[in-house]
Amino acid sequence: GIELKNLNFDGEIASYLLNPSESKYDMLNLLNQYSGINTSGIDADDKNGIAALYVQKLDDIKRNMLTEINKHGMNELFEKIEMPLIEVLSSMECLGFKVDAQILHDIGFELSEEIDKLTGEIYDIAGSEFNINSPKQLGVILFEKLNLPVIKKTKTGYSTDAEVLEELSDKHEIVDKIINYRQLVKLKSTYTDGLISCIGKDGRIHSSFNQTVTATGRISSTEPNLQNIPIKMEQGRRIRKAFVPENDEYVIISGDYSQIELRVLAHISQDKSLINSFVNNEDIHRRTASEVFGIPMDEVTPLQRSRAKAVNFGIIYGQSDYGLSKELKISRKEAKSYIDNYFKRYSGVKDYLDSAILDAKDKGYVTTLMNRIRYIPEINSTNKNVKKFGERLAMNTPIQGSAADIIKIAMVKVYSRIKKEKLKSRLILQVHDELIVEAYKNEIDYMKQLIKSEMENAVKLSVPLVVDINVGNNWYEAK
DNA sequence: TCCGTCACGCACGTC
DNA sequence: GACGTACGTGACGGAG
């Protein structure tokens, strides 16, 4: 019942923009960095004293922070994006997402039955009962009792992750059952039972959205995390059927950016070929396959397209030939040839990625479209692995972070139009490249148009931004 | 000795 | 590349 008004400065957020890698933005920290006073004598447990001092020094802190923000050209990012976003996120938290507990219970019950059945079968095959959830105990069964080959080790013992199990699957009948068991237990514990326990008295789930957690500018979601609800596998995807509108006067509308990160890459690199692909609205992975494998677009096989897709992902992450070879289960040499071919055909991308690394080296940080910064100290490490990691950060952060800038702009615009036009529809969720609106039925067509145009026109790039809109009676259907 | 709390590593869900 | 959560495990400390 209380409306937030006249928010114009938030010290935590200002400080986050000045260094998004910091783990805490508490008052003692801010005093220490921006008030100009010496905080070494302050007792960290004296919360009241710190708060009093913070308020006393607030004018200085604010002025110093704004000076720094100004120096980095982040005025617009701060004033027009992050500050207005506070109210948007607050609204999304308060509204929440209605969840049908019965659907989750039903799915949970099915999962329990299957888990029990698998558990019995696994015990029978193993010849003994043990805790399948314990990697330690599972390791003993697989690698000591059944004598399966050890593929990989962790700090503490045998690795039993999905990649390892995949490789062992044709060596012993127990392995597939364990893979299956793991999937089902994940669904049940995290998504069925986990989500049910988060449903509020109003029948809705109210996640927390944190604006100062990620180093790239993305927002994060906790208690529960609504940004990792299953979608890839049909079995898990059904969880989304439980996310429903308030009542039959509403529907769920989802608007998601098509290939936003590759479009951002096309824009910031100004690579001619990549820009051309998007301007001509081509199937981007098919085009990449055609370039990397040197064949016409209409001769690209499904396998080639899927490999090209992995190459595109790899480019965004700054992935090495080693990383790509593992991803595609091909030799390092073959992976290297894919990447080399890619950079030959998209030389603008290569030049840009090199320049991002140079930026990180001589300025110490990289920036996004809206001048958001991230320091990359790792890049000067004498440890080769740490240095390589820093290089990947330098390549990935401007891409991931610019995409985050763009959807934040869209969120502020969608939210303020809904508010100004007194619409009954409401923005309830963001999942990095997707916005979800609980839309009043009379407003469906209007909202589809509103979401699409505000998202697509959030910024002007050298390539079009394309948004796909879907409507349904639950989150599952709105895809 | 028992029990609760905590930090950590591992595994895995999303974009 | 960016996250958050569940679970098992081992260390720790207070209560009995």
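In the text below, chain A, chain B and the rest are named by the order of the sequence lines, each starting its count at 1.
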Whether [X] side chain and [Y] backbone form a donor-acceptor pair below 3.5 Å:
X: A/Arg182; Y: A/Ile132; answer: no
X: A/Arg263; Y: A/Pro464; answer: yes
X: A/Asn396; Y: A/Arg392; answer: no
X: A/Ser277; Y: A/Ser273; answer: yes
X: A/Arg372; Y: A/Leu17; answer: no
X: A/Ser207; Y: A/Glu223; answer: no
X: A/Arg287; Y: A/Glu282; answer: no
X: A/Gln137; Y: A/Asn131; answer: yes
X: A/Gln270; Y: A/His267; answer: yes
X: A/Ser221; Y: A/Leu226; answer: yes

For DNA chain C, which residues in [range] have a heavy atom at a distance below 4.0 Å?
range: residues 86-106 of chain A; answer: none
range: residues 126-150 of chain A; answer: A/Asn131, A/Asn133, A/Ser134, A/Lys136, A/Gln137
range: residues 462-479 of chain A; answer: none
range: residues 210-218 of chain A; answer: A/Val213, A/Thr214, A/Ala215, A/Thr216, A/Arg218

So, for [X] and [Y], which heavy atoms are closest and what is the spacing to 0.1 Å?
X: A/Ala266; Y: A/Val463; answer: CB-CG1, 4.0 Å
X: A/Ala394; Y: A/Ala360; answer: CB-CB, 3.8 Å
X: A/Val459; Y: A/Leu369; answer: CG2-CD2, 4.4 Å
X: A/Ser220; Y: A/Thr214; answer: CB-CG2, 4.3 Å
X: A/Gly217; Y: A/Tyr16; answer: CA-OH, 3.4 Å
X: A/Ile115; Y: A/Tyr181; answer: CG2-CE1, 3.8 Å

For [X] and [N], give me the distance from atom [atom1] to atom [atom2], rounded to whole Å.
X: A/Arg240; N: B/dC15; atom1: CZ; atom2: C1'; answer: 10 Å
X: A/Ile399; N: B/dC15; atom1: CD1; atom2: C1'; answer: 14 Å
X: A/Gln259; N: B/dC15; atom1: CD; atom2: P; answer: 12 Å
X: A/Gln235; N: B/dC12; atom1: CD; atom2: P; answer: 15 Å
X: A/Asn228; N: B/dT14; atom1: CG; atom2: P; answer: 8 Å
X: A/Lys232; N: B/dC15; atom1: NZ; atom2: C1'; answer: 8 Å
X: A/Ile229; N: B/dC12; atom1: CD1; atom2: P; answer: 18 Å
X: A/Lys152; N: B/dA11; atom1: NZ; atom2: C1'; answer: 10 Å

Heavy-atom side-chain proximity of [X] to [Y] below 4.5 angstrom:
X: A/Leu146; Y: A/Lys171; result: no
X: A/Tyr352; Y: A/Leu265; result: yes
X: A/Asp161; Y: A/Lys152; result: yes
X: A/Leu435; Y: A/Leu427; result: yes
X: A/Lys136; Y: A/Thr156; result: no

Using a heavy-atom cut-off of under 4.0 Å over every strand shown, decide if [X] touches base, sugar-phosphate, or nothing.
X: A/Tyr257; answer: nothing
X: A/Glu223; answer: sugar-phosphate
X: A/Arg374; answer: sugar-phosphate

* To do: With a 4.0 angstrom cut-off to heavy atoms of chain A, pull out the first and last contacting nucleotide of DNA chain C, in 5'-to-3' order.
  => C/dG1 to C/dG10
* Structure fact -> Nucleotide by nucleotide, nucleotides 3-8 of chain B touches protein heavy atoms under 4.0 Å in the pattern (B base, S sugar-phosphate only, - none) ------
* To do: Determine, for A/Glu167 against A/Lys329, whether the closest basic-nitrogen to carboxylate-oxygen distance falls under 4.0 angstrom.
  => no
* Just by distance, with hydrogens left out, do A/Ser254 and A/Glu434 show a side-chain donor and acceptor under 3.5 Å apart? -> yes
* Structure fact -> Symbol by symbol from the 5' end, with Watson-Crick or G-U pairs under 3.5 Å, [ ] crossing and | another strand, DNA chain B is |||||||||.|||||
* Got a sec, which residues hit ring-ring contact (aromatic ring centres under 6.0 Å, His included) with A/Tyr338, two or more places apart in sequence or on another chain? -> A/Phe293
* Report the distance from atom CG of A/Leu85 to atom CE of A/Met92, rounding to the nearest 0.5 Å. => 7.5 Å
* Structure fact -> d(A/Tyr375 OH, A/Lys363 NZ) to nearest 0.5 Å is 11.0 Å
* Going by the angle between their ring planes, with limits at 30° and 60°, are A/Tyr158 and A/Phe143 parallel, tilted or perpendicular? -> tilted
* Only pairs at least two apart or in different chains count here, so list each side-chain hydrogen bond (donor to acceptor under 3.5 Å, both in side chains) that has a residue in residues 88-103 of chain A. => A/Gln102-A/Asp106
Of the residues in [range], which ones touch DNA chain B at a heavy-atom distance under 4.0 Å?
range: residues 331-366 of chain A; answer: none
range: residues 173-202 of chain A; answer: A/Arg182, A/Lys186, A/Tyr191
range: residues 153-163 of chain A; answer: A/Thr154, A/Lys155, A/Thr156, A/Ser159, A/Thr160, A/Asp161, A/Ala162

* Structure fact -> Assign each of A/Glu261 and A/Thr222 the nucleotide of DNA chain C bearing its closest heavy atom; nearer the 5' end lies the nucleotide of A/Glu261
* **Residue that, paired with A/Lys408, satisfies side chain to side chain donor-acceptor pair (under 3.5 Å) out of A/Gln211, A/Gln430, A/Glu82** => A/Glu82
